[in-house]
Amino acid sequence: MFSLFKNDAPPYSVRRIQKGELLDKATLAGVDTFFSSWLNKRPRKAAVGCWFILHQDDDFVYWGKPVFKGLFSDDRTVDEFFKTSRMALSQQFPFYQKQYHYFLWERLYAIIKNEVDGISALRKDKALSGFIEEQQFHIKVSCCLIYPKQDGATTEVKAQYKIVLNHTTLDLLSIERLV
């Protein structure tokens, strides 16, 4: 009778997921899906509005995009949440537990700045996109290259690169300008 009062249908309580409940409701997602979501995670003070790891066990990492249950509530819920093999993540994406992608963006920024002559700065233009293949991160970076002029002004040029990195060391394997 007590189970009649528990909500086992969407939206799912994040608190219950964090306690290891409702895990059978998770949708199986591959490492690429996890990686694509991770690439654009932003820091959020309230732990809502972007994806978060909600729970981990020996087999899976459970993750989703929480929202507040109501306008004046601090309870969080997810309409859908996912599970990805913990072993596959550890092998293909060893950085998966890092909270945000900033360390990767800093690496990409350094690579582009090193490879493109004459730029003084670089600004991220759009969300990163990418996938993992053959133990390599394939990442598409859209950015604005900022070139200094002699009069002290700057010129901005939109560019897009495909950068391939080693999945464990983040060493540059290749860079190709697309636009």
Side-chain angles (χ1 to χ4, degrees), residues 14 29-56 61-68 74 76 78-86 88-179:
V14 168
V31 174
D32 273 342
T33 303
F34 183 96
F35 181 69
S36 293
S37 297
W38 181 90
L39 277 175
N40 293 293
K41 183 176 180 184
R42 302 285 186 266
R44 301 296 293 231
K45 186 175 182 179
V48 294
C50 67
W51 76 271
F52 290 90
I53 292 177
L54 306 172
H55 182 77
Q56 295 186 56
V61 173
Y62 299 86
W63 54 283
K65 188 175 181 177
V67 296
F68 286 119
D74 63 351
R76 294 171 294 141
V78 290
D79 286 328
E80 181 178 26
F81 66 107
F82 305 92
K83 65 181 180 181
T84 301
S85 165
R86 191 171 185 169
L89 276 172
S90 295
Q91 291 171 348
Q92 296 178 45
F93 183 34
F95 302 110
Y96 82 89
Q97 293 196 54
K98 289 220 181 248
Q99 288 295 322
Y100 307 108
H101 75 289
Y102 291 120
F103 78 97
L104 182 60
W105 174 246
E106 289 172 5
R107 177 72 180 122
L108 297 170
Y109 174 85
I111 289 168
I112 293 170
K113 193 155 169 99
N114 188 48
E115 296 290 322
V116 179
D117 291 330
I119 63 172
S120 61
L122 176 71
R123 188 180 72 242
K124 188 170 150 180
D125 190 35
K126 296 180 183 174
L128 299 173
S129 63
F131 59 94
I132 302 171
E133 183 178 274
E134 297 177 7
Q135 299 184 340
Q136 300 171 347
F137 294 159
H138 296 254
I139 302 169
K140 190 184 295 182
V141 180
S142 295
C143 57
C144 285
L145 305 173
I146 301 170
Y147 292 92
K149 290 183 173 179
Q150 294 211 343
D151 63 0
T154 59
T155 301
E156 294 188 10
V157 177
K158 290 190 178 219
Q160 191 175 74
Y161 293 92
K162 177 183 174 189
I163 298 176
V164 180
L165 303 173
N166 177 285
H167 80 296
T168 56
T169 63
L170 299 182
D171 288 340
L172 176 64
L173 300 175
S174 69
I175 182 170
E176 173 186 356
R177 184 160 180 179
L178 304 173
V179 177

dist L54:CG -> K83:NZ (nearest 0.5 Å) comes out at 14.0 Å
Separation between CZ of F95 and OG1 of T168, rounded to the nearest 0.5 Å: 7.0 Å
By side-chain hydrogen bond (donor to acceptor under 3.5 Å, both in side chains) - contacts of S129 (at least two apart): none
Can you name the residues that form a side-chain hydrogen bond (donor to acceptor under 3.5 Å, both in side chains) with H167, not counting sequence neighbours? none
Set of residues satisfying side-chain contact (heavy atoms from CB on, under 4.5 Å) with respect to Q56, sequence neighbours excluded: I53, V61, R86, Y96, Q97
Min side-chain heavy-atom separation C143-Y161 under 4.5 Å: yes
Residues two or more places apart in sequence or in another chain: which of them pass ring-ring contact (aromatic ring centres under 6.0 Å, His included) with F35? F93, F137
Gap between atom CD1 of I132 and atom CG of L165 - 0.5 Å precision: 11.0 Å
CZ of F34 to CD of Q92: how many Å apart, nearest 0.5 Å? 12.0 Å
Which distance, rounded to the nearest 0.5 Å, do you find between the CD1 of I139 and the CG of L104? 4.5 Å
Taking side-chain contact (heavy atoms from CB on, under 4.5 Å) as the definition, give me every residue that meets it alongside S85, ordered by chain and number, with sequence neighbours left out. M87, A88
Please tell me if the side chains of W38 and W63 come closer than 4.5 Å, counting only heavy atoms from C-beta onward. no
Would a 4.5 Å heavy-atom cut-off, applied to side chains only, mark I119 and V157 as touching? no
Residues in ring-ring contact (aromatic ring centres under 6.0 Å, His included) with F131, at least two apart? H138
For the side chain of K65 and the backbone of F81, is there at least one donor-acceptor N/O pair under 3.5 Å apart? no
If a pair satisfies salt bridge (charged side-chain N to carboxylate O under 4.0 Å, His left out) and one of its residues is in residues 152-176, list it, with sequence neighbours excluded. R123-E156, D125-K158
Closest non-hydrogen atom pair, L39 against G130: CD1-N, 3.5 Å
Is any side-chain heavy atom of I111 closer than 4.5 Å to a side-chain heavy atom of V141? no
Which heavy-atom pair separates V14 from P66 by the least distance, and what is that distance? CG2-CB, 4.0 Å
Contacts of Q160 meeting side-chain hydrogen bond (donor to acceptor under 3.5 Å, both in side chains) (sequence neighbours excluded), chain-then-number -> S142
Residues 145-155, side-chain donor-acceptor partners within the protein, below 3.5 Å, at least two apart:
residue: D151; atom: OD1; partner: A153; partner atom: N; Å: 3.0

All heavy atoms of S120 vs all of K113, minimum pair found to be O-NZ, 2.9 Å
Output for pair (L170 CG, L172 CG), nearest 0.5 Å, gives 10.5 Å
